[in-house]
Amino acid sequence: MTKHLIIITGPTAIGKTRVAIKTAYFLNTEIVSADSRQIYRELSIGTAVPSAAELNSIKHHFIHSHSIHDNYNASRYETEAMELLEKLFKKYNTVVLTGGSMLYIDAVCKGIDIMPDVDPELRQNLKTKLNDEGIESVRFQLKQLDPEYYKQVDLKNPARIVHALEICLMTGKPYSSFRTSFNKKRPFSVTKIGLDCNRAELHQRINRRVDEMIEAGLEKEARGVYPFKHLNSLNTVGYREFFAHFNGEISKEKAVELIKRNSRRYARKQLTWFRKDAEMNWFHPQDSEKVIEFIQNKIEKI
RNA sequence: GGUGCCAUAGCUCAGUUGGUAGAGCAACGGACUGAAAAUCCGUGUGUCCCUGGUUCGAUUCCAGGUGGCACCA
């Protein structure tokens with residue numbers, strides 16, 4: 001029996017949860033979340049996790065399953081998601097995966113090259129070097145250790161250069177030797193549903209949702225994790241703006257305004273990524289019936 | 001009703017001694033393989049309020065109109 005993974009994605013605040021739940025309900029299956037921030041149990045309001053009622057109606061995975069202290073990443077997600085899918089596909093022929101984390105979705109569909117875990121101490125050292133000596137110094141070091149990748153990398157992007165260096169230094173081999181861009185074979189078919197609407201409507205949805213988050217007590221939630229503000233997991237829209245407010249750098253009003261703006265920019269970035277995906281089938285978030293109909297047809301054909 | 005000031009990008013405004021214009025913010029486009037809600041790159045998007053007049057040429061000068069603000073009635 002062929003197994004099917006239905007992916008429901010789209011920009012932040014578009015209404016993925018609702019469509020995913022309707023779809024999972026119709027297919028009588030469970031939902032796997034592909035959201036790099038809803039995965040943290042310390043974050044709820046600012047990441048817009050599904051409501052208790054929604055979580056009760058359909059079994060969800062990777063919601064609040066990890067801690068902000070866990071040092072999570074896309075590769076760990078790939079491993080854990082694939083293990084989970086193997087189990088779920090023993091029980092179901094179809095599983096719904098939903099979320100807006102582009103790289104996490106790709107990790108499930110195509111896989112990520114195998115590399116060693118990054119040593120946090122090494123990362124800190126390289127960050128310090130970057131800070132003290134400037135981007136030139138890490139650039140130069142990368143040129144020595146991996147001239148091949150040096151030719152391709154965005155030389156203005158410190159995160160890319162630092163990561164390549166990390167791998168070179170930890171393995172003694174060039175980073176480029178790990179980059180196969182090989183798409184892993186998956187034991188299931190993939191159907192991608194992209195949700196989108198016109199931009200003005202999307203901005204309205206985002207602004208409204210941020211206002212709801214504020215009413216629901218986002219400030220208090222952010223205050224609670226403020227001591228850990230340096231963690232990557234908290235370099236997150238909705239939290240870092242409040243941290244700036246707690247630091248006395250900006251007013252609360254300004255923080256709220258920035259959360260809205262940064263959410264809009266995040267949505268735009270997601271759309272840029274999804275748009276170039278030729279496998280995406282686009283729908284309006286109100287058209288969940290059409291989505292289900294489309295999926296039904298697709299599954300019957302395979 | 002009278003007088004004065006203003007009208008330029010989505011917003012706040014600059015500017016052109018007459019040769020169709022530029023800042024900030026917002027917005028938009030793109031890259032992306034173990035930080036991805038991260039990180040980085042790029043782009044002015046415009047009936048210069050309307051209608052006439054002067055002029056080779058008006059967003060700019062003049063007149064009228066419309067709208068806004070202030071003050072006086």
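Since the model is a prediction, treat every value here as computed from it, not as a measurement. Naming: A, B, ... by sequence-line order, numbering from 1 per chain.
- Summary of the strand contacts: A:Gln38 and A:His163 both lie near RNA chain B, and taking for each the nucleotide with the nearest heavy atom, the more 5' one is attributed to A:His163.
- Within the structure, a side-chain polar atom (N or O) of A:Arg199 is placed less than 4.0 Å from OP1 or OP2 of B:G29.
- For the pair A:Asp113 CG and B:C32 P, the computed distance is 14 Å after rounding to whole Å.
- Near-neighbour residues of RNA chain B inside residues 257-276 of chain A, defined by a heavy atom below 4.0 Å, number-ordered: A:Arg261, A:Arg264, A:Arg265, A:Tyr266, A:Arg268, A:Lys269, A:Thr272, A:Trp273, A:Arg275, A:Lys276.
- When the side-chain nitrogen and oxygen atoms of A:Tyr104 are compared with OP1 and OP2 of B:A36, one or more of them lie within a distance under 4.0 Å.
- Phosphate proximity of B:U33 to A:Asn73: absent, as no side-chain N or O sits under 4.0 Å from OP1 or OP2.
- Using a 4.0 Å heavy-atom cutoff across all strands shown, A:Ile114 reaches at least one base atom of the nucleic acid.
- Residue contacts shown for A:Gly111 are absent, as no nucleic acid heavy atom lies under 4.0 Å away.
- For the pair A:Lys229/A:Asn247, a side-chain contact is recorded, criterion being any heavy-atom separation below 4.5 Å from C-beta on.
- In this structure, A:Ser233 reaches neither bases nor backbone, as no heavy-atom distance under 4.0 Å exists between it and the strands shown.
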Exercise for the section: For the pair A:Thr191 and A:His4, evaluate side chain to side chain contact (heavy atoms under 4.5 Å, CB included) and give the outcome as yes or no after the intermediate values. Expected result: CA-CA 7 Å; A:Thr191 300; A:His4 307 282; 5.7 Å; no
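- In this structure the side chain of A:Lys3 never reaches within 4.5 angstrom of the side chain of A:Tyr92, judged on heavy atoms.
- Atom C1' of B:A7 sits at a distance of 27 Å from the matching atom of B:C28, rounded to the whole Å.
- Counting heavy-atom neighbours within 6.0 Å of A:Glu86 CD, excluding the residue itself, gives a total of 12 or less.
- Put simply, CD on A:Glu148 is 16 Å from C1' on B:U33, counting in whole angstrom units.
- Scanning atom types as modelled, one donor and one acceptor separated by under 3.5 angstrom connect the side chain of A:Arg160 and the base of B:A38.
- Going from atom CG of A:Leu142 over to atom P of B:U39 covers 20 Å, rounded to whole Å.
- Across all strands shown, A:Tyr40 has no heavy atoms under 4.0 Å from either base or sugar-phosphate atoms.
- Among the heavy atoms of the strands lying under 4.0 Å from A:Ser101 are primed sugar atoms or P, OP1, OP2 only; no base atom is included.
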Problem - Verdict with supporting geometry, A:Cys197 and A:Ile14, side chain to side chain contact (heavy atoms under 4.5 Å, CB included) - result: CA-CA 8 Å; A:Cys197 62; A:Ile14 192 74; 3.6 Å; yes
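- Distance from the side chain of A:Asn235 is smallest for B:A38 among the nucleotides B:G34, B:A35, B:A38.
- Between A:Arg139 and A:Glu136 there is a salt bridge, with a side-chain nitrogen of the basic residue lying less than 4.0 Å from a carboxylate oxygen of the acidic one.
- Taking side-chain N and O atoms only, A:Arg37 has a distance below 4.0 Å to OP1 or OP2 of B:A36.
- Look at A:His203 and you won't find any side-chain N or O under 4.0 angstrom from OP1 or OP2 of B:G10.
- With a cut-off of 3.5 Å on both pairing distances, the Watson-Crick and G-U wobble pairs of RNA chain B assemble into stems of 3 or more at B:1-7 with B:66-72, B:10-13 with B:22-25, B:27-31 with B:39-43, B:49-53 with B:61-65.
- The side chain of A:Arg179 places an N or O atom within less than 4.0 Å of a non-bridging phosphate oxygen (OP1 or OP2) of B:U33.
- Here the P atom of nucleotide B:A35 and the CG atom of A:Asp70 are 14 Å apart, to the nearest Å.
- Using cut-offs of 30° and 60° on the angle between ring planes, the pair A:Tyr149 and A:Tyr175 is perpendicular.
- Between A:Lys87 and A:Glu83 there is no salt bridge, since none of the side-chain N atoms of the basic residue sits less than 4.0 Å from a carboxylate O of the acidic one.
- Taking a cutoff of 4.0 Å between a charged side-chain nitrogen and a carboxylate oxygen, A:Lys254 and A:Glu257 qualify as a salt bridge.
- Residue contacts shown for A:Asp35 include a base, since a base heavy atom lies under 4.0 Å away.
- Atom CZ of A:Arg123 and atom P of B:G34 are 9 Å apart (whole Å).
- Residue-to-nucleotide proximity on RNA chain B shows that, of A:Asp154 and A:Gly46, the 5′-proximal contact is made by A:Gly46.
- If you measure from atom NZ of A:Lys156 to atom C1' of B:C32, you get 16 Å, rounded to the nearest angstrom.
- A:Glu78 and A:Arg186 are joined by a salt bridge, as a carboxylate oxygen and a charged side-chain nitrogen come within less than 4.0 angstrom of each other.
- Contact check for A:Val95 versus A:Phe188: no side-chain heavy atoms found under the 4.5 Å cut-off.
- Here A:Asn232 reaches the OP1 or OP2 of B:A36: one of its side-chain N or O atoms lies under 4.0 Å away.
- Atom CZ of A:Phe178 and atom P of B:G34 are 12 Å apart (whole Å).
- To the nearest angstrom, C1' of B:U33 lies 6 Å from CD1 of A:Ile112.
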